Amino acid sequence: MIKAITGTKDILPPEIPKWKLLESIVNNVFKNFNYKEIRTPIFEETSLFARGIGEETDIVGKEMYTFLDRSQTSVTLKPEMTASVVRAFNEHSLGKLQSLNKFFYISPMFRQERPQAGRQRQFHQFGSEAIGGSSPLLDAELIIIAYNILKLLGLKDLTVKINSLGVPQSREKYKNLLREFLSGSKNYLSEDSRKRFDQNILRIFDSKVESDQEILKNAPLMIDYIDEESKNDFEVVKNLLAESKVPFEIDPKLVRGLDYYTKTTFEIVSGKVGSQSALCGGGRYDLLVEQLGGAPTPGVGFAAGMERILLACENENSLNIPKEEIDLYIIKIDKDLSSKVFELSLNFRNDNLVVEFDYLDRSVKAQMREANKLNAKFVLFLGGDEYKSGKLNLKNMSTGEQQLVDVNNYHQLSEFIKK
RNA sequence: GUGGGCAUAGCUCAGUUGGUUAGAGUAUCAGGUUGUGGCCCUGAGGGUCGUGGGUUCAAAUCCCACUGCCCACCCCA
């Protein structure tokens, strides 16, 4: 039997309501903050991601779904959205129509990693990109949006972490300092961290190895070495969050893995989703637009993993999904009334009722059991003696009461059932 | 890419030291008198025991390989 590709999952009908709920909350909150939805293609020219995300990152280096199409163009299934949105922003000169563009999106993403709890090869993210403003108000706004969405889903075990990476010049200075600090103990670092020392020294802070963290204990912190402007912006973000009652902690070790980040970075983690605890991550990228061929334009954004969020909701039992129900189930008592049932159901459906009936010629008992399983509010019995005199039995399934109603007056019946 | 765990009905799982037609619960379907649900009762269908080899008179059970899934590392949402 053919099975779904490793790391991909079917979302079956019983799971759809929680996805719809999540999507509607996302849509509402972004609308509330006046963000506009953007949809970009599922795949792009490979070089977009290579240049946008950074050649040295793990995403580009080993996780992209890249292949040659029939005209030998290298294309890649999008592993994240920022590069695509910036591409669209540049391609359509959106910065000329409006100086600040606030986008949001909901979309599948693709990364070829080993699946585990909270990690799939095709997964879904919602997120946003605010392009054209360098104000830290935007940084704070995005953190608040992400936090609000998670709160609206009823999540409690959340931690908002923020940090500032400064501008590239100050970051370079800091990297040198860190390199100097660690050079003496390099040989005591874990193998992974020794690799990081050469490739991307900042990520040593990500290490889960205890001895590494021990060595880092007295390391200089980037936050103490960033430039004045970054420092001021960071203060503004902190104050705005505090005023907005968003609890946060400063995590000087929060180093994000994508090359394009500058200044503010943030992450929201959950204690309820296993090892992959980041529900949401983002930050400012003031150089990316220019780097991808546009005019120098600052930007800030975040992405949130929808599977992880729903996993957290599940584990916190925070979602209140109402039971699905239907308005009316039409039961046919006489076998030869199929076309009449069909016609009646169309009438009620035109009146906007959710209607179901039996397509399989089953017994009345079986039809009743089906009606019950579907949480039908009412059942209408078609056939028998009362039908001969133009009447039908209507049964209220919660009270069990039955009443005779007129066959022809279905509009009136629809109104009755709707209440 | 690396490490660990697990593969028996649609789902959750039993299956004794290898030994007859592989079980349960649940779900599905059909019944429990004339045309009526939930609870309850009865019955039915459904399995090449992940795949392929091997050992044996005999394998779901022992051995090997492969595949898949889960979890963790790396990294990220």
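None of these values were measured; they are calculated from a predicted model. Hydrogens, waters and symmetry mates are skipped; everything else that's a heavy atom, side chains included, is used. Chain letters run A, B, ... following the sequence lines, proteins first and then strands; every chain starts at 1.
The residue A:Q276 sits close to a base: some heavy atom pair falls under 4.0 Å. At the heavy-atom level, A:E386 lies under 4.0 Å from base atoms of the strands shown. Residue contacts for A:K3: at a heavy-atom cut-off of 4.0 Å it reaches the sugar-phosphate backbone alone, with no base atom in range. In this structure, A:E80 reaches neither bases nor backbone, as no heavy-atom distance under 4.0 Å exists between it and the strands shown. Using a 4.0 Å heavy-atom cutoff across all strands shown, A:Q367 reaches no nucleic acid atom at all. In this structure, A:Q120 reaches the bases: a heavy-atom distance under 4.0 Å links it to at least one base atom across the strands shown. Across all strands shown, A:A366 has heavy atoms under 4.0 Å from sugar-phosphate atoms exclusively, and none from any base. Within 4.0 Å (heavy atoms only), A:K373 reaches sugar-phosphate atoms of the nucleic acid but no base atom. A:G281 comes within 4.0 angstrom of sugar-phosphate atoms only, judged by non-hydrogen atoms across all strands, and of no base. When heavy atoms are screened at a 4.0 angstrom cut-off, A:R114 is found touching base atoms of the nucleic acid. As judged by a 4.0 angstrom heavy-atom cut-off over every strand, A:G127 is placed among residues making no nucleic acid contact. Note on A:A303: only backbone sugar-phosphate atoms sit closer than 4.0 angstrom, heavy atoms only; bases stay farther off. Within the 4.0 angstrom heavy-atom criterion, base atoms lie near A:I333. Using a 4.0 Å heavy-atom cutoff across all strands shown, A:D385 reaches at least one base atom of the nucleic acid.
Between A:F30 and A:Y35, a ring centre-to-centre spacing shorter than 6.0 Å is recorded. With ring centers used as reference points, A:F378 lies under 6.0 Å from A:F416. Ring-centre distance between A:F357 and A:Y359: below the 6.0 Å cut-off.
Pair check for B:A60 finds none; no Watson-Crick or G-U wobble contact set falls under 3.5 Å. Under the Watson-Crick or G-U wobble criterion, with both distances below 3.5 Å, B:C74 has no partner in any strand shown. Within the shown strands, nothing qualifies as a pairing partner of B:C49 under the Watson-Crick or G-U definition with both distances less than 3.5 Å. Partner assigned to B:C29 is B:G43, using Watson-Crick or G-U wobble distances below 3.5 angstrom. With a cut-off of 3.5 Å on both Watson-Crick or G-U wobble distances, the partner of B:U34 is given as none. Nucleotide B:A24 forms a pair with B:U12, judged by Watson-Crick or G-U wobble geometry with both contacts under 3.5 Å. Across all strands shown, B:C6 forms a Watson-Crick or G-U wobble pair, both distances under 3.5 Å, with B:G68.
One P atom belongs to B:C40, the other to B:U16, and the distance between them is 31 Å to the nearest Å. Taking atom C1' in both B:G25 and B:U8, one finds a spacing of 15 Å when rounded to whole Å. A distance of about 23 Å separates the C1' atoms of B:C63 and B:G3, rounded to the whole Å. Annotation: B:U67 and B:G53 have their C1' atoms spaced 14 Å apart (nearest Å).
Of the side-chain N and O atoms in A:Q116, one or more sit less than 4.0 angstrom from OP1 or OP2 of B:A72. One finds a side-chain N or O of A:S363 lying less than 4.0 angstrom from the OP1 or OP2 phosphate oxygen of B:G31.
Set against B:C70, B:A77, B:A30, the side chain of A:K9 has B:C70 as its closest nucleotide.
Scanning atom types as modelled, no donor and acceptor separated by under 3.5 angstrom connect the side chain of A:K365 and the base of B:U36. In this model, no side-chain donor or acceptor of A:R203 finds a partner on the base of B:C75 within 3.5 Å. For A:R369 against B:G32, a side-chain-to-base donor-acceptor contact under 3.5 Å is present.
Side chain to side chain, A:D212 and A:S193 meet the donor-acceptor criterion of an N or O pair below 3.5 Å. With hydrogens and angles left out, the side-chain atoms of A:Y285 and A:E129 include a donor and acceptor closer than 3.5 Å. Using modelled atom types and a 3.5 Å distance limit, the side chains of A:T82 and A:Y260 yield a donor-acceptor pair.
Side-chain contact between A:F110 and A:T76: absent, with no pair of heavy atoms (C-beta onward) separated by less than 4.5 Å. Put simply, the side chain of A:T40 reaches to within 4.5 Å of the side chain of A:M81, judged on heavy atoms.
Both thresholds, 5.5 Å between centres and 30° between ring planes, are not jointly met by A:F381 relative to the base of B:G35, so the two rings are not stacked.
Residue A:N372 is the one, among A:A278 and A:N372, whose nearest nucleotide of RNA chain B lies closer to the 5' end (criterion: closest heavy atom). If you find the closest nucleotide of RNA chain B to A:A4 and to A:V209, the one lying nearer the 5' end belongs to A:A4.
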